[in-house]
Amino acid sequence: MKFNVQTLGCKVNAYESELIKEMFINARFIEANKMNNADVIIVNTCTVTNQADAKSRKTIRQARRENPDCCLVVCGCAAEHHKENLIDLDIDILLGNKDKSKIVLLVNDYLKNRRKIVNFYDLRNVSFEDMQINNFEGHTRGFVKIQDGCNNFCSYCIIPFMRGNIRSKSLEVAIEEINCLANNGYKEIVLTGIHTGSYGDGEDFDLTDLIHEVSKNDNLKRIRISSIEITELDDKFMNEFKNNEKICSHFHVPLQSGSNHILKLMNRKYNIDEYKEMINKLRSIRSDVNITTDLIVGFPEESDEDFLETLTNLKSIGFSKIHTFPFSLRSGTKASIYKPINDSLKKERVNKILKLSEELESNYYQKFIGTKVFVLVEDETSGLTDNYIKVHLDKTCQVNEVVEVLITSVDNLYVNGTVL
């Protein structure tokens with residue numbers, strides 16, 4: 001039988017979908033590259049914004065339309081958020097954010113009995129669902145989900161309700177999975193989770209312990225953290241960053257707003273001065289460290305003064321890229337009771353941030369012209385430096401090899417290099 005997996009949303013979903021693919025292949029299913037060729041279709045959904053919800057529903061409808069006789073499985077955050085509203089979409093197996101590791105068993109049960117399956121749990125009271133991947137097909141970097149859930153309850157965010165409490169993969173299992181991927185040829189591992197930096201919260205280990213242990217594997221050359229909150233960059237981590245060259249010189253540290261007033265309304269756990277202090281500590285350890293961030297524009301009650309404060313602080317911090325999102329109202333969050341601002345003003349502010357982001361990104365790349373860097377080749381003619389610069393190479397190279405490159409020019413945001 002043939003299966004097809006459709007993935008929406010974040011790196012955690014991508015990891016979970018890769019696990020689902022691996023499980024089906026191990027169960028002797030064959031992967032189909034199109035939905036209309038599959039006997040089983042799995043849609044792993046996202047609900048981080050209204051647009052993500054719409055894309056999830058569109059994909060579900062398309063799956064059923066293109067293959068009316070398939071076993072249709074829907075799981076993930078949009079399923080968790082809107083389970084009552086998805087019943088009319090003719091779904092055979094409907095799951096939230098638990099039991100993804102059991103999907104093959106559930107599909108076999110459905111194919112045998114032809115009875116619809118609906119499984120949901122109280123995600124504030126569940127343990128970590130262990131998932132282990134041996135291979136990450138089509139990628140030179142191996143992603144490892146080490147953590148799930150979030151306890152922050154930022155006022156705009158629905159994810160703590162959809163993903164549940166903070167919970168972590170055991171240290172031993174995480175080390176085993178990372179070592180397996182490294183020994184299978186993955187030179188770079190990306191540690192990911194819903195709130196990755198909280199790994200080990202409530203346990204007798206933490207993120208720094210994991211990084212320190214897996215760094216002992218000589219086959220592993222780079223360790224990248226998908227995202228980390230400023231409040232999790234403690235002295236222990238900073239010391240490891242200072243002494244461990246395998247930690248990539250790139251940190252994605254969500255800011256969300258450059259205004260203290262808005263940060264407070266968002267229920268973020270820091271102010272601008274605290275944020276700047278930690279970024280300066282990172283740069284005092286490695287001056288070329290790449291700092292990227294997330295920013296929500298048009299949060300309710302964001303005044304002109306708040307937005308100007310944000311612009312000023314973005315320039316002062318000197319990010320190399322700003323991932324910008326217009327505020328998206330999520331029912332059930334505290335922000336839904338605040339006074340919204342109009343969509344045209346939101347759009348205008350988003351465009352200003354996008355323009356600033358391009359300027360900052362270009363400025364960061366320009367600093368490296370004439371310098372030598374090491375690039376992990378991803379598609380024969382381009383690859384990534386450890387500080388997350390995509391470099392286009394002047395000749396073809398072996399995929400998954402690390403090559404020394406001289407940065408020769410930057411054309412807008414297109415970085416060129418000569419292989420040495």
Side-chain angles (χ1 to χ4, degrees), residues 140-141 187-191 196-197 207-208 211-212 215 220-230 232-255 258 274-295 313-323 356-378 382-394 397 401-420:
T140 54
R141 297 180 291 149
K187 294 181 172 66
E188 180 178 316
I189 296 297
V190 183
L191 303 177
T196 311
L207 180 64
T208 305
I211 290 171
H212 185 80
S215 295
L220 182 59
K221 306 303 180 186
R222 293 180 181 176
I223 301 166
R224 194 179 300 279
I225 302 166
S226 61
S227 179
I228 191 166
E229 294 286 341
I230 203 74
E232 292 151 358
L233 295 171
D234 57 17
D235 290 342
K236 181 179 178 181
F237 179 86
M238 291 292 190
N239 189 58
E240 185 72 19
F241 180 48
K242 182 178 181 178
N243 295 294
N244 188 342
E245 293 183 355
K246 291 187 177 184
I247 300 176
C248 289
S249 294
H250 167 238
F251 294 99
H252 187 77
V253 191
L255 176 63
E274 290 166 341
Y275 188 98
K276 288 181 178 180
E277 180 183 1
M278 299 310 292
I279 297 301
N280 288 337
K281 283 186 179 180
L282 287 172
R283 287 179 171 145
S284 71
I285 295 171
R286 298 185 199 173
S287 59
D288 65 345
V289 66
N290 184 351
I291 307 295
T292 58
T293 198
D294 289 334
L295 190 82
N313 282 315
L314 292 175
K315 295 173 185 176
S316 172
I317 294 166
F319 294 105
S320 61
K321 190 176 182 67
I322 305 164
H323 297 265
L356 173 62
S357 179
E358 288 187 1
E359 292 174 4
L360 294 172
E361 190 174 358
S362 179
N363 291 343
Y364 181 73
Y365 295 159
Q366 295 281 348
K367 296 176 183 178
F368 292 89
I369 295 176
T371 65
K372 297 175 183 178
V373 296
F374 288 97
V375 172
L376 176 60
V377 181
E378 294 203 314
S382 69
L384 287 173
T385 63
D386 88 308
N387 56 339
Y388 213 65
I389 300 175
K390 184 174 183 178
V391 181
H392 298 271
L393 309 174
D394 66 333
C397 295
E401 289 301 309
V402 177
V403 296
E404 190 175 16
V405 176
L406 176 69
I407 303 296
T408 54
S409 66
V410 176
D411 183 8
N412 290 325
L413 302 179
Y414 199 90
V415 181
N416 301 297
T418 299
V419 178
L420 300 177

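Just so it is clear, the model here is predicted, and its values are computed rather than measured.
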So [Y] and [X], do their side chains get closer than 4.5 Å, heavy atoms only?
X: Tyr364; Y: Ile389; answer: yes
X: Ile322; Y: Leu255; answer: no
X: Ile211; Y: Leu191; answer: yes
X: Val419; Y: Asp394; answer: yes
X: Lys281; Y: Glu277; answer: yes
X: Met238; Y: Ile285; answer: yes

Rounded distance [0.5 Å steps], [atom1] in [X] versus [atom2] in [Y]:
X: Asp386; Y: Asn290; atom1: CG; atom2: CG; answer: 9.5 Å
X: Leu406; Y: Thr371; atom1: CG; atom2: OG1; answer: 7.0 Å
X: Ile407; Y: Gln366; atom1: CD1; atom2: CD; answer: 11.0 Å
X: Asp235; Y: Lys242; atom1: CG; atom2: NZ; answer: 11.5 Å
X: Thr385; Y: Lys390; atom1: OG1; atom2: NZ; answer: 12.5 Å
X: Leu282; Y: Phe251; atom1: CG; atom2: CZ; answer: 5.5 Å

Which pair of non-hydrogen atoms, one from [X] and one from [Y], has the smallest distance, and what is that distance?
X: Phe374; Y: Arg222; answer: O-NH2, 3.0 Å
X: Asp288; Y: Asn387; answer: O-ND2, 3.7 Å
X: Asp234; Y: Phe237; answer: OD1-N, 2.8 Å
X: Ile317; Y: Arg283; answer: O-NH1, 2.6 Å
X: Leu207; Y: Gly197; answer: CD2-CA, 4.1 Å
X: Asp294; Y: His252; answer: OD1-NE2, 2.9 Å

**Request:** Please report the C-alpha distance between Phe319 and Leu356 in whole Å, then the side-chain angles of each, then the deciding distance to 0.1 Å, and finally whether the side-chain contact (heavy atoms from CB on, under 4.5 Å) criterion is met.
**Result:** CA-CA 10 Å; Phe319 294 105; Leu356 173 62; over 6 Å; no
**Prompt:** Got a sec: does the CG of Asn280 have more than 12 other heavy atoms crowding it under 6.0 Å?
**Reply:** yes
**Prompt:** Take atom CD in Glu245; do more than 12 heavy atoms of anything else shown fall under 6.0 Å from it?
**Reply:** no
Is a donor on one side and an acceptor on the other found under 3.5 Å between the side chain of [X] and the backbone of [Y]?
X: Asn412; Y: Tyr414; result: no
X: Arg286; Y: Phe241; result: yes
X: Lys246; Y: Leu220; result: yes
X: Asn243; Y: Asn239; result: yes
X: Ser316; Y: Asn313; result: no
X: Tyr388; Y: Ser249; result: no
X: Ser362; Y: Leu413; result: no

**Item:** Residue pair Ile230, Glu274: steps toward the side-chain contact (heavy atoms from CB on, under 4.5 Å) verdict
**Value:** CA-CA 8 Å; Ile230 203 74; Glu274 290 166 341; over 6 Å; no
**Message:** Walk me through whether Val375 and Val373 qualify under side-chain contact (heavy atoms from CB on, under 4.5 Å).
**Reply:** CA-CA 6 Å; Val375 172; Val373 296; 4.1 Å; yes
**Prompt:** How would you list, by chain and number, every residue that makes a salt bridge (charged side-chain N to carboxylate O under 4.0 Å, His left out) with Lys372, sequence neighbours excluded?
**Reply:** none
**Message:** Please tell me whether Thr408 and Asn416 have a donor and an acceptor in their side chains that are separated by less than 3.5 angstrom.
**Reply:** no
**Prompt:** Listed by chain and number, what are the side chain to side chain donor-acceptor pair (under 3.5 Å) partners of His250, not counting sequence neighbours?
**Reply:** Thr292
**Fill in**
side-chain contact (heavy atoms from CB on, under 4.5 Å) filter on Val190, not counting sequence neighbours, yields Arg141, Phe143, Glu188, Arg224, Ser226
